[in-house]
There are 4 protein chains.
Amino acid sequence: MSRTQTRREKLAEKEEAILQAATKAFLLGGLKAARMAEIAKAAQVAEGTLYLYYRNKEALFEAVVARHWDDLRRGAQKVVRAETDPVLQLETLASYTLDRIMGDRKLFELTLYLAHAGEGLTAATDRLGYVRVFDGVIERGRSEGVFTASANPKLLRDLFFGTLDYAARSALARGEDAASSRIIETLMTAMLAVLQPRAEDRDPGVEERLERAVARLEAVAERYPAG
Amino acid sequence: MSRTQTRREKLAEKEEAILQAATKAFLLGGLKAARMAEIAKAAQVAEGTLYLYYRNKEALFEAVVARHWDDLRRGAQKVVRAETDPVLQLETLASYTLDRIMGDRKLFELTLYLAHAGEGLTAATDRLGYVRVFDGVIERGRSEGVFTASANPKLLRDLFFGTLDYAARSALARGEDAASSRIIETLMTAMLAVLQPRAEDRDPGVEERLERAVARLEAVAERYPAG
Amino acid sequence: MSRTQTRREKLAEKEEAILQAATKAFLLGGLKAARMAEIAKAAQVAEGTLYLYYRNKEALFEAVVARHWDDLRRGAQKVVRAETDPVLQLETLASYTLDRIMGDRKLFELTLYLAHAGEGLTAATDRLGYVRVFDGVIERGRSEGVFTASANPKLLRDLFFGTLDYAARSALARGEDAASSRIIETLMTAMLAVLQPRAEDRDPGVEERLERAVARLEAVAERYPAG
Amino acid sequence: MSRTQTRREKLAEKEEAILQAATKAFLLGGLKAARMAEIAKAAQVAEGTLYLYYRNKEALFEAVVARHWDDLRRGAQKVVRAETDPVLQLETLASYTLDRIMGDRKLFELTLYLAHAGEGLTAATDRLGYVRVFDGVIERGRSEGVFTASANPKLLRDLFFGTLDYAARSALARGEDAASSRIIETLMTAMLAVLQPRAEDRDPGVEERLERAVARLEAVAERYPAG
DNA sequence: TATGAATGAGTGTTCATTCAT
DNA sequence: CATGAATGAACACTCATTCAT
């Protein structure tokens, strides 16, 4: 059995080596520029061996991207669990997401690339796990009554991930490192405007009392006809 | 002179034909998949002729993308000018942007592709004109006192374009046509939360006076029995 | 008539401009690398105009090479005529030839190139005029009794031009500027060995005195019997 | 081990086939005219395979030329070793060289072509081995006292190879097969004029008679002791 | 004569993938 | 499972030459 285990371990190790070599290669120049021959050499396996683990170059590419998103998801879960307040969780998640996008921008671009070039929609699937972390935060906020139940989760995602993606991309395009704190602040203001509509000014008292007072006066007024 | 004009017109026509053929070709499968030979054939010119107008395939590609953004910019300016209220301008621009992204999504992807694959930063430049339309709306809103002057334009762009881009992309990824109205609504809520912070509760005088008026009303109303 | 002359002059000027531009272009990178478009631009004519003067690129190339050899021939005739002694004429011609080969090595290579690549043997024809200068020197030397009549002119050419060509080429290959004087000296020694067999031993003095001395020794020796 | 050997043999065979096919192709029309596709087909390998053995077309070309010079060198060494007298070695080498140039003139032209077109100086390197055979003959002649030590080897090479190259080229240009014996004779006369200065004026008669006279006088002298 | 825009044939090289060993 | 030599399809770009003006 130890032999079987050893064999399995060897396989796992080899797969890991391939994945790492491939990640490095794809990061350097994208799907097209990476050479299977170089990946094989870096992983210290023969070219043919790559095809024992992955059907083709694209499959290897997808595996790399998938693994990346899995890493991200785990990291996101970790930082989210460190907080209890949904609002803080949201803010923490935003910071984490922005940092990761900025740090591994190449891999995010690869995801876009995959979505663009690929016939498969695997990219969407990959992000799914990550998006669920976000959805979880929203859900918890709702069940705790901190967030309004009326906001559509899909739209919230658009706001959240769209803004962060775009902010990261334009920052990178301008060569800036990050102005993370400010964008996070702005994003939170925007998010909370949707998640907690008029939450703080909603002291319903004034309105209700006004309604009631007017209603009563109207009743009186009817009793005393004008004139 | 009519001869000169004719020549120029011929050149312009030929360039237009090339550009159209190229747009079609690039839209079909991106930069890589498009074949110069096919573009030439579709434009009814010889392959060599393409190179009289554009240095190489990539230059032709960039020209296609640039023209697309120019079209967009013009369209955006038009819809914005049709409104006078900055808030409505913003909303109109959002709708227009979303529609165009959804409609020409391939060309948006090509822009991303360009940003990803290209060594040139042309992509950013192309968008610039379009972004300026947005900036113009914000600026007008500020100068009219409708928007707060404190919001950073860059961050606003991130919110605006990021959300729209992402919404379009994810809608397309899910195969949906569009849920435009709802995302626009959400986006506007978010934007205004940043652009008009506590706009309605602002000027506490109103609230206080309202409070006082209600109190007096209540006092009066209580003097007259409910029945 | 002055108008006709003007026209002719214009044509001649244009042809000259083309030839000069072409020479420069071919010198830079040979037949293949030169671009008709660049030649046209340098000559300040349209591309099509080149073809009014020369059937095609190769014909232009040949014209350039031919003109070069004509220049050389004229120069050779000049230096040869400056001397009267055939031996000195030979030496002068050798120096001149070597200098020109070294100086315009590119054009010599082009001649070789023409011989190699071209289907026409034009190259040989071009050199003909130059070779005739050499033949003339030899002929004069013979008729003056300075050179032996028995040497085959063709073989002499092989010796003369072959050595000079090769010397120049190998010097250039080694990046040396020239060791001209020594090669000229050696070549002359070799040439004269063929053209003036036993030429230098013709200092009869030494031989005669030696002959006389031996004769006297023999006379003495004979007086004393061998045994 | 026999398997390994088999593999190596296969590789060697394949390389040989490529080299032969390439030689044939390059001989037909030079570097430019030869088509990699045709070479591959002739060698019965795929086009890509050519690039497993040679970096590119030019490298293949150089390999062909290099092999040619290696062949020549071996042949030259053989004929030289068949003689012992340096003068005869020189003459034999001249004949061999002339024959080979005439026979494989295309490959010689290719060498020139390489020198002309190539950025690399490989051509010179290739000839080096061959030239050394010549240098060896000269050196031996010197150490045996047959050749004068004063002649510069470089100049001798110019004379030897230059004359032979040129003779072959002009003979080929004139369509003649060869007038080898006469040119060899002339060349040897010229070479020896440089290598054995005053060789022929050594009219052995005088020397011999001097020797004899002195010998006889010595004999007489012994009979008549001094005093 | 002169122009110069248009032509379009022609080819070296790469690299993902396979398969005999 | 592993190897790595062999495959071969695929394609942008150049540039001498032409011809309508």
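- B:I39 places its CD1 atom 8 Å from the P atom of F:dA12, with the value rounded to the nearest Å.
- Scored by the side chain to side chain donor-acceptor pair (under 3.5 Å) test, D:Y54 finds D:E15 as partners (sequence neighbours excluded).
- Qualifying side chain to side chain donor-acceptor pair (under 3.5 Å) partners for B:Y53, counting only residues two or more places apart in sequence or in other chains: none.
- Regarding B:Y54, its OH atom lies at a distance of 17 Å from the P atom of F:dT14, rounded to whole Å.
- D:D70 pairs by the salt bridge (charged side-chain N to carboxylate O under 4.0 Å, His left out) definition with D:R73, D:R74, not counting sequence neighbours.
- Here the P atom of nucleotide E:dA16 and the OH atom of D:Y51 are 17 Å apart, to the nearest Å.
- Protein atom NZ of C:K41 is 14 Å distant from nucleotide atom C1' of F:dC15, rounded to whole Å.
- Within residues 19-27 of chain C, no residue has a heavy atom under 4.0 Å from DNA chain F.
- Counting only distance, with no hydrogens or angles, the side chain of D:R55 and the backbone of D:L52 share no donor-acceptor pair below 3.5 Å.
- A pairwise comparison of heavy atoms in B:L19 and B:T23 identifies O-OG1, 2.7 Å as the closest pair.
- For D:R67, the salt bridge (charged side-chain N to carboxylate O under 4.0 Å, His left out) partners are D:E16, not counting sequence neighbours.
- Residues in residues 38-50 of chain C take part in no salt bridge (charged side-chain N to carboxylate O under 4.0 Å, His left out) pair, two or more places apart or across chains.
- Between A:L31 atom CG and E:dC15 atom P there is a gap of 13 Å when expressed in whole angstrom units.
- Within the structure, no pair that satisfies the salt bridge (charged side-chain N to carboxylate O under 4.0 Å, His left out) test touches residues 17-27 of chain C, not counting sequence neighbours.
- Between D:L60 atom CG and E:dG12 atom C1' the separation is 12 Å, expressed in whole Å.
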Pairs counted only when both distances fall under 3.5 Å, Watson-Crick or G-U: show me the 5' to 3' dot-bracket for DNA chain E, [ ] for pseudoknotted crossings and | for other-strand partners. .||||||||||||||||||||
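- A straight line from CG of C:L50 to C1' of F:dA16 spans 11 Å, rounded to a whole angstrom.
- In this view, D:A25 and D:A34, D:I39 satisfy the side chain to side chain contact (heavy atoms under 4.5 Å, CB included) rule, not counting sequence neighbours.
- With sequence neighbours excluded, the residues satisfying salt bridge (charged side-chain N to carboxylate O under 4.0 Å, His left out) with A:D104 are A:R100.
- In this structure, D:N56 places its CG atom 8 Å from P of E:dT14, rounding to the nearest Å.
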Nucleic acid footprint by protein, nucleotides 5-11 of chain F - heavy-atom cut-off 4.0 Å, B for base, S for sugar-phosphate alone: -BBB--S
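- Listed by chain and residue number, A:D126 satisfy the side chain to side chain contact (heavy atoms under 4.5 Å, CB included) test with A:A66 (two or more places apart in sequence, or in another chain).
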